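Worth saying up front: this structure is predicted, and the values here are computed from it rather than measured. Only heavy atoms go into these numbers, but all of them, side chains included; no hydrogens, no water, no symmetry mates. Order of the sequence lines fixes the chain letters, A, B, ..., with proteins taken first and strands second; residue numbering starts at 1 for each chain.
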Amino acid sequence: MIKLDSKIPAGSLKDKWENHKFNMKLVSPANKRKYEIIIVGTGLAGASAAASLGELGYNVKVFTYHDSARRAHSIAAQGGINAAKNYQNDGDSVYRLFYDTIKGGDFRAREANVYRLAEISGNIIDQCVALGVPFAREYGGMLDNRSFGGTLVSRTFYAKGQTGQQLLLGAYSAMNRQIKLGKVKLYTRREMVDLVVVDGIARGIIVRNLVTGDIEKYSAHVVILATGGYSNVFFLSTNAINSNATAIWRAHKRGAAFANPCFTQIHPTCLPLHGEGQSKLTLMSESLRNDGRIWVSKFKGDIRHPNEIPEEERDYFLERKYPTYGNLSPRDISSRAAKEVVDEGRGAQGQEAVYLDFRDAIKRLGRKVIEERYGNLFEMYKTITGDDPYEVPMKIYPAPHYTMGGLWVDYNLMSTVPGLFVAGEANFSDHGANRLGASALMQGLADGYFILPYTVGNYLGSEKPTLVETDHPEFEKSKKEIQDFTNKLLSIKGKRTVDSFHKQLGRLMWDKVGMSRSAQGLKEAINQIRELREEFWRDVNVVGSANDLNQCLERAGRVADYLELGELMAIDALHRNESCGAHFRVEYQTEDGEALRNDEEYAYVAAWEFKEVGKWELNKEPLIFENVQLTTRSYK
Amino acid sequence: MGWFFNALNSSIGKKILMAITGICLMLFLIIHLVNNLSLFGGEQMFNNVVKNLDTIKPFIRVIELILLLVFVIHIFNGVRLWYENKKARPIKYKINAISKNTNIFSRTMIWSGSIIFIFLVFHLRTFWISFNLGHPLALSHNYYQIVVLAFQDPVYSIFYIVALIFLGFHLKHGFQSAFQTFGWNNKKYFPFIQKLGLIYTLVMVIGFMSIPIYFLFFYGGK
Amino acid sequence: MNQRKLNLTLKIWRQPGPNSAGSFVEYKVSVSPDSSFLEMLDDLNNELESKNLEPIAFESDCREGICGTCGLVINGHPHGPIPKIATCQLHMRNFKDGDTIWVEPFRAKAFPVIKDLIVDRSALDRIMEAGGFISVNTGSAPDGNAIPIPKDVASEAMDSASCIGCGACVAACKNSSAMLFVGAKVSHLALLPQGQPERYIRVQAMVKKMDELGFGACSNTYACEAECPKGISIINIARLNREYIKSKLIADEV
């Protein structure tokens with residue numbers, strides 16, 4: 001049993017972070033340069049943490065499996081970043097952003113963490129502007145905002161449809177400055193394959209050099225994982241091809257508890273599946289829902305061309321069911337509503353898709369305005385599908401997009417392994433059971449720029465950890481285990497390709513651990529995943545050698561981890577006998593099909609402790625709400 | 001002055017050197033053409049123009065020396081850039097769509113330049129050496145006849161005309177390229193510069209070409 | 001959905017390692033027109049793997065044209081024959097049944113081949129490390145609205161900043177010049193008020209690094225602009241030239 005101490009500071013919600021910052025131990029400037037910090041991942045959280053910690057004077061080593069730090073998948077975020085600036089004078093405030101986020105997460109996140117996030121949000125915008133992020137501006141030169149799903153205020157800052165790219169380039173450039181100054185050392189094409197824990201404390205990592213195949217050892221006083229989410233367990237997701245769970249999963253197996261693994265977000269506006277060979281699902285920015293109307297035919301099996309379906313035979317189901325928020329309803333609700341109508345057999349032209357229609361917006365605003373707002377997205381749609389959205393409604397369908405679950409961390413973002421911190425999507429901290437649009441970028445940068453630089457210093461200042469050299473037996477042991485693991489994969493020489501296992505697992509996860517889940521289906525899933533895992537270790541064929549650039553081997557290691565993680569996701573989903581946020585259990589719904597939460601029994605964080613493959617122990621961190629009333633989410 | 005040579009030795013500096021010398025040469029071509037067009041004013045007029053230039057010989061010599069220097073820098077620097085640029089891609093593409101993503105003028109500068117250089121050697125031998133280094137006709141100030149004799153040789157004239165086509169290639173790219181190198185590019189006025197470059201090129205090529213064509217086909221009542 | 005399949009001949013560059021010789025290997029594939037180019041390679045790789053042959057090493061990540069990881073020279077065009085898209089956005093409906101397609105890695109001295117179609121583009125990062133940033137420590141920023149930025153300036157800076165760092169400009173240029181990349185990066189920060197304090201140091205440092213790394217000079221052929229998946233304009237190169245000249249004339253040497 002792990003002791004889950006969330007370390008939430010005392011005091012009123014508003015004062016917690018301020019008090020905590022004052023009470024934290026500081027490291028003197030002269031001592032900072034004696035500390036080594038490892039950061040894995042160069043996305044928003046990793047790059048911003050590397051830059052900020054380097055600025056403070058620590059020696060930082062950063063690892064990425066990409067060829068460049070700028071490739072991390074944060075770069076693909078399109079829509080924007082939230083901040084409670086209230087520049088629009090429309091009633092926004094730190095408290096409102098906090099409340100929207102807590103409510104959007106269906107009351108399954110910590111109040112203190114979320115409040116801190118909202119508090120910091122404004123500083124993030126300032127920092128990014130100073131770093132040269134070209135946010136959209138109004139004619140007067142002031143920052144422009146747009147609105148996003150799940151909120152009634154305009155608080156989203158954006159840079160065309162490439163906000164993630166610009167924010168990442170900002171953090172990347174700040175990190176580059178530290179690389180030039182010698183405070184940050186960057187290791188590219190290295191994949192973290194193990195966490196080294198000595199005497200219960202994180203002391204370093206083992207990485208595989210993806211070019212030479214060498215297994216390398218690195219030690220540090222602190223290890224920070226900022227390695228993103230695990231949506232690729234579904235094979236088809238909006239994540240990048242290489243996004244994976246290996247770093248957090250291997251850390252989990254070394255003792256870091258995994259929290260709420262079943263909270264996975266399905267994004268409502270993605271391009272539908274075109275065929276078997278498809279490698280990923282492409283996201284169309286949620287901002288499209290500002291002007292596009294979502295509908296399907298009122299009739300089952302209607303395969304007419306959408307332009308031939310008259311107005312009175314169209315069902316604008318989001319506007320009908322949720323008149324207040326309409327097409328801007330939160331992601332989980334919109335996704336599930338789309339699945340519902342498709343399951344009824346009313347999908348667009350009989351496919352797994354619904355229409356996103358700009359006909360009325362073009363009529364109302366003119367083609368030019370629509371072109372200005374969404375031109376690049378429309379072009380992208382046309383490139384991929386061959387259809388012109390100015391003439392024919394887009395077809396969209398939900399796809400796995402973001403994972404709210406992740407490694408459990410306390411208020412300081414430290415995992416259950418002392419010395420191991422987790423930031424960004426890789427941790428579970430702020431989004432509860434569902435994340436609001438434009439909040440991922442906010443959280444990644446909050447963690448990296450403004451939280452870790454304080455809390456890592458506090459850990460170093462109060463614990464004064466010592467450095468364990470890489471010739472320590474634990475490092476050798478870890479390295480040996482990884483080499484054995486690799487050799488085992490290469491020696492199976494079975495009949496099935498790595499991808500075929502990944503695809504089969506993905507389909508299974510999508511069908512049974514996806515948008516709606518049942519106890520029956522989850523139980524089946526658990527058994528099937530176990531069988532699939534056994535088959536993998538019996539019959540997979542990993543081509544090539546260990547001492548070379550071997551993409552087949554890279555994928556095999558990741559799929560081996562998904563085959564364990566997938567099971568835990570199903571176990572978590574099965575144990576959570578309620579519907580909340582993105583986790584929808586068909587047994588727990590209201591009469592009109594809305595999620596039925598069970599605050600009495602499930603207002604806790606489920607933190608799973610790894611015992612052995614296929615065996616976990618559940619630890620609960622109760623969620624205490626002192627400032628908000630637990631209400632039923634209503635977007636009607 | 002260290003900074004100055006550092007700057008000129010950078011990749012951008014070398015380009016700037018090409019642009020500055022290129023612009024000098026383009027200006028020279030204008031003056032050269034104006035002088036040459038006096039051929040159409042008849043024998044008397046042309047001989048007088050040359051004689052008049054002779055009266056300011058020391059000045060002309062200085063200008064010629066500067067011109068020589070400009071040529072040498074332009075050529076030396078051009079060849080150096082070509083060589084260095086080649087080294088930047090040691091292994092060539094099997095299939096290259098260069099004909100689809102660039103125009104012919106821009107990618108053949110080293111070749112059009114080389115042809116112009118060969119032309120220049122012949123051109124100087126025929127005219128500059130004859131005019132300045134004691135050709136019998138030059139001594140009697142009958143420069144016009146030197147031109148007549150040279151261009152009535154069809155092989156020589158055709159070589160001349162072909163070389164001028166390549167000069168056109170070189171100018172077509174060089175003119176707008178110089179502006180781009182100096183950073184004088186803007187989405188509003190750059191299309192105008194490109195048109196101006198085309199007009200300049202056509203005027204130069206047609207202007208210079210008219211002379212061999214005239215002497216080969218029309219001179220002397222042919 | 002299209003049921004018709006395209007039968008294609010692929011001639012793909014295979015090279016086992018940085019120091020070994022490479023050559024083209026021919027593959028026959030049958031592919032759906034709705035498939036993307038990279039999905040076609042995925043399929044081919046799966047087929048190779050099931051025959052116990054080494055798959056073709058190529059890079060890609062986001063597969064939506066923003067991360068800049070992918071980059072193949074397809075029939076002589078970096079990112080293929082369709083303008084303004086990355087390789088991952090190229091769909092097979094743009095090819096005809098019976099076509100032969102040549103696939104090569106980006107070729108430049110500054111981008112050595114690592115394996116098959118994978119090249120090392122870290123030279124671009126070295127240029128960025130030399131000066132592609134604004135020196136501002138975390139926490140020291142003024143309010144985001146403290147300095148107004150005209151809408152068109154912000155938007156022009158955004159256009160320059162939309163470079164995805166894929167290196168197609170280098171691959172397309174007959175001189176393997178990185179001027180469009182550096183031009184876009186210098187422009188992005190030179191246009192914004194926040195970038196002014198380091199404006200001249202930045203351009204000198206980045207150009208110096210670019211020259212050291214073995215990229216060629218710019219010949220103004222504009223192949224880079226034609227092949228850039230984001231349509232970055234050569235106006236950025238002009239601005240780079242201008243900034244560089246100015247920095248050399250009036251600012252301290254870097």
Any donor-acceptor pair under 3.5 Å linking the side-chain atoms of B/Ser106 with those of C/Asn220? no
Are the side chains of C/Ile237 and B/Gln180 in touch, meaning some heavy atoms are under 4.5 Å apart? yes
Heavy-atom count check: over 12 atoms from other residues, nucleotides or ligands less than 6.0 Å from B/Asn52 CG? yes
Give the interface residues of residues 79-90 of chain B toward chain C, defined by a heavy-atom separation under 4.5 Å. B/Leu81, B/Asn85, B/Lys87, B/Ala88, B/Arg89, B/Pro90
With a 4.5 angstrom heavy-atom cut-off, could you sort out which part of C/Phe111 is near chain B: side chain, backbone, both or neither? neither
Answer with side chain, backbone, both or neither: which region of C/Cys224 has an atom nearer than 4.5 Å to a non-hydrogen atom of chain B? neither
Turns out that what part of B/Ile91 lies under 4.5 Å from chain C's heavy atoms comes down to both
Pairs of heavy atoms under 4.5 Å with chain C: top-ranked of B/Ile16, B/Asn6, B/Asn103, B/Thr181: B/Thr181
Taking side chain as C-beta onward, heavy atoms only, is B/Lys15 less than 4.5 Å from C/Asn241? no
Atom group of B/Phe190 that falls short of 4.5 Å from chain C, counting heavy atoms: side chain
What I want to check is whether the side chains of B/Ser10 and C/Asp211 have a donor and an acceptor closer together than 3.5 Å. no
With a 4.5 angstrom heavy-atom cut-off, could you sort out which part of C/Pro105 is near chain B: side chain, backbone, both or neither? backbone
Enclosure of B/Phe4 CZ (heavy-atom neighbours >12, cutoff 6.0 Å): no
dist B/Tyr93:OH -> C/Trp13:CH2 (nearest 0.5 Å) comes out at 12.0 Å
So how far is it from B/Arg107 CZ to C/Ser219 OG, rounded to the nearest 0.5 Å? 12.5 Å
Other residues, nucleotides and ligands only: do more than 12 of their heavy atoms fall within 6.0 Å of CZ on B/Phe76? no
With chain B, which of C/Cys173, C/Ala172, C/Gly214 has the greatest number of heavy-atom pairs at distances under 4.5 Å? C/Cys173
Near B/Lys57 NZ, under 6.0 Å, is it more than 12 heavy atoms from other residues, nucleotides or ligands? yes
Does the side chain of C/Arg107 come within less than 4.5 Å of B/Lys92's, by heavy atoms? no
Can you say whether C/Ile234 sits under 4.5 Å from chain B via the side chain, the backbone, both, or neither, judging by heavy atoms? both
With the side chain counted from C-beta on, respond yes when B/Trp3 and C/Leu249 share a heavy-atom pair under 4.5 Å apart, and no when they do not. yes
Straight-line distance of C/Lys174 NZ to B/Ile98 CD1, nearest 0.5 Å: 6.5 Å
Is any side-chain heavy atom of B/Phe182 less than 4.5 Å from a side-chain heavy atom of C/Arg242? no
For a quick test of reading the model, state the closest non-hydrogen atom pair linking B/Ile95 to C/Glu104 and the distance between them. N-OE2, 3.2 Å
Sort C/Val170 into side chain, backbone, both or neither according to what part of it lies under 4.5 angstrom from a heavy atom of chain B. backbone
Given heavy-atom pairs under 4.5 angstrom as the criterion, report whether the side chain, backbone, both or neither of C/Tyr244 touches chain B. side chain
Reported CG-to-OG distance for the pair B/Asn185 and C/Ser233, which is rounded to 0.5 angstrom: 6.5 Å
Residue-level interface, residues 115-129 of chain B with chain C, non-hydrogen cut-off under 4.5 Å: none
